[in-house]
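For reference, the structure is listed below as structure tokens.
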Amino acid sequence: MIEIEGVTKIYGEGKSAFHALDDVSVTIRENEFFTLLGPSGCGKTTLLRTIAGFVDPTRGAIRLAGKSLLESPPHKRPVNTVFQSYALFPHMTVAQNIAFGLEMQGKPRVEVKETVARMLELVRMTPMADRQTGQISGGQQQRVALARALAPRPEVLLLDEPLSALDFKLRKDMQLELKRLQAETGITFIFVTHDQEEALTMSDRIAVMNAGRIRQIGSPREIYDQPAERFVADFIGDTNFVEIELLETEGETAGIRLPSGRETRARSGAEARPGKATLAVRPEHARLVPPEEALMAGTLAEIVYFGTDTHYHVALDSGARFVIRQQNAPHHRQTHATGDRVGVSFAPGVGQVLRD
Amino acid sequence: MADDLSPARAARERRSRLLLLTPAMIILLLAASGPLLIVLIYSFLTPGDYGGVVWKFSWDAWFSVVAERDFFTDELSFADAHLSIFWRSVKLSLMTTVAALIFGFPTAYFIATRPKRSRDFWMLLIMIPFWTNLLIRTFAIMELIRAEGTVNMLLLWTGIIDEPIQMLFTEFSIMLGMVYVYLPLMILPIYASMERLDFSLVEAAYDLYATRWRVLRRVIFPLVRPGVIAGSILVFIPCLGAYVTPRVLGGGKNLMLGNLIELQFGQGRNWPLGAALSLSLLAIVMVALIFYVRAVGRDGEKAHG
Ligand SMILES: Nc1ncnc2c1ncn2[C@@H]1O[C@H](COP(=O)(O)OP(=O)(O)OP(=O)(O)O)[C@@H](O)[C@H]1O
Ligand SMILES: [Mg+2]
């Protein structure tokens with residue numbers, strides 16, 4: 001278990017002071033696949049480097065299994081990193097790279113050899129053990145970097161966008177492989193990415209970051225279905241935002257009034273207060289219906305065909321745009337045309353009231 | 001493209017290419033090969049009575065590089081004087097190289113790890129003395145270490161010593177002077193390869209439980225090795241032929257090869273011997289260079305498989 005508590009990193013001083021990390025607190029469980037997700041420059045790498053020991057936080061505490069890590073230099077922390085650039089030693093072979101950490105730990109020669117062989121097996125690189133690192137492909141380098149970081153059996157493995165340099169197919173393979181390795185080794189993975197799909201498919205939990213702060217922590221489902229705020233809803237997946245009025249709350253749901261005047265129920269945080277608010281509705285959670293049955297009516301502005309589904313852009317009477325995504329059935333016949341009067345509807349409880 | 005050219009045009013191209021090469025060729029011919037040839041020829045001639053050479057073939061010069069004939073008994077023995085100077089030159093050059101490495105490596109590391117903007121400033125600091133006249137710098141060292149010089153005065157004043165230390169006119173002072181003079185030549189190539197070093201490799205090693213010392217030995221050093229070798233050669237070779245520094249800081253008694261050669265062309269009036277000694281020096285340099293090419297070649301092989 002790794003506890004991060006109030007970690008703040010300020011670069012520069014006075015006027016030019018910049019909060020790369022701002023009061024970040026999170027507890028990551030053992031053998032969890034934990035993902036840091038956020039736009040470029042939001043502090044993901046800085047947080048990883050703080051855990052690894054390359055950045056000293058200005059404030060805050062980091063504990064591993066109850067013991068503070070901050071006093072230890074990087075080489076004394078049971079934490080290894082898979083660097084974004086791989087950082088393989090160019091003057092060593094694949095096997096020597098993997099052996100490096102073990103040798104530095106002072107493991108006996110026989111054990112080093114055994115472990116290296118096992119790691120090569122694990123990442124399926126045995127035939128290339130004696131290659132120079134410059135003579136293997138990007139995907140292979142990535143696997144060596146992974147094996148090198150896993151070989152010393154760290155308690156926590158930090159992965160900084162390790163898949164970002166790979167092409168689509170290899171990326172999919174490596175995603176599965178990473179999950180397999182995490183399950184087989186029992187090591188805690190802290191994974192950095194700015195690819196939301198990657199985060200959703202791989203993680204046990206995700207922390208969405210922005211501007212040095214964690215905006216929301218939750219399972220992929222929670223993050224996707226119940227974004228807590230506009231930034232999260234916007235960053236992950238496509239979302240329709242509707243200005244609404246919150247009437248009353250009851251536990252996790254709230255009664256709301258749409259701009260059309262119709263009322264329905266939506267999920268909300270317990271702290272939501274009556275008044276003006278924003279409702280987030282995923283495009284695939286809404287349906288196109290005849291205007292009479294609709295929660296909101298408008299004209300169909302655009303139809304975009306995507307193969308698996310079709311996107312309908314509706315210009316609502318309130319002036320806002322609303323996108324609906326509907327799966328294409330095999331014998332589906334196009335029944336709508338741009339310019340048609342249409343209605344938008346969604347079931348009670350699928351919308352999410354956002355905190356400001 | 002080249003095949004499409006008409007014969008006349010191709011000939012013109014060839015001519016202009018030759019024309020471009022000419023300046024370099026002239027320099028090489030006049031400044032390198034020509035003088036070298038003259039030196040080679042002179043080393044096989046007989047010394048003239050008042051300097052210069054007499055055009056008579058003789059092995060004597062080469063012979064006396066390593067051996068001497070007793071004036072009275074005609075017995076052969078090693079030319080101790082020459083050999084000890086050879087030995088001193090090689091020894092002092094090696095020691096200077098090692099000392100320059102010991103001081104230069106951390107300096108290069110320091111500069112390479114500074115923020116990009118301040119690196120140029122640091123390099124400038126290193127280079128400024130290098131652009132100053134050699135003689136002036138050497139006299140500056142002399143002023144520092146002579147019996148009544150700054151260093152002795154300071155030590156006396158603080159009470160660390162009671163009597164001035166004799167530093168000037170020793171092998172130490174020669175070495176000090178040469179380290180000072182040639183240090184930039186060590187720092188520059190090491191810095192160049194250090195600057196290209198990917199410091200995430202250093203972090204990776206540190207992350208993988210390597211102590212500072214082991215990061216240095218297992219990762220940094222192997223990767224900047226070409227720079228270290230180049231720097232060592234750049235320092236070692238001019239040290240071997242150093243003239244001004246041993247002359248000024250070594251006094252009359254601690255001769256090095258450069259001074260010995262000068263002596264033959266001056267007071268010694270033995271130009272052939274001077275020429276033979278020069279070529280011997282060149283031979284040592286060649287050995288050093290071969291060593292260099294070998295060492296670097298091995299690195300290249302490793303990097304490319
Ligand atoms: N040494 C430093 N000095 C000043 N600012 C820094 C320093 N290192 C990082 N920063 C700033 O901190 C912020 C967070 O950087 P960080 O590298 O953690 O971003 P990131 O989330 O990893 O982004 P990316 O997805 O692009 O890798 C950035 O705005 C960056 O400019
Ligand atoms: Mg980053």
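Every chain is numbered from 1, with letters handed out A, B, ... down the list of sequences.
Smallest separation of non-hydrogen atoms from A:T81 and A:A52: OG1-CB, 3.8 Å. Across A:K44 and A:E161, no two heavy atoms sit closer than the pair CE-OE2, 3.9 Å. Looking at every heavy atom in both residues, B:R114 comes nearest to B:R119 through O-NE, 3.0 Å.
A donor-acceptor pair shorter than 3.5 Å can be found between the side chains of B:D198 and B:S200.
Heavy-atom distances place the side chain of A:F83, and not its backbone, under 4.5 Å from chain B. Residue B:R212: no heavy atom, backbone or side chain, is found under 4.5 Å from chain A. Neither the backbone nor the side chain of A:L102 comes within contact range of chain B, judged by heavy atoms closer than 4.5 Å. Of the atoms belonging to A:P154, heavy atoms from both backbone and side chain fall under 4.5 Å from chain B. Only the side chain of B:L223 comes within contact range of chain A, judged by heavy atoms closer than 4.5 Å. Contacts between A:V82 and chain B at a heavy-atom distance below 4.5 Å are absent for every atom of the residue.
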- Message: Is there a side-chain contact (heavy atoms from CB on, under 4.5 Å) between A:L21 and A:T8? Walk through the geometry before answering.
- Response: CA-CA 5 Å; A:L21 292 175; A:T8 299; 5.6 Å; no
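Here A:E103 is the residue among A:R131, A:Q84, A:K76, A:E103 with the most heavy-atom pairs under 4.5 Å with chain B.
You'll find the side chain of A:F191 stays beyond 4.5 Å of the side chain of A:L158, heavy atoms only.
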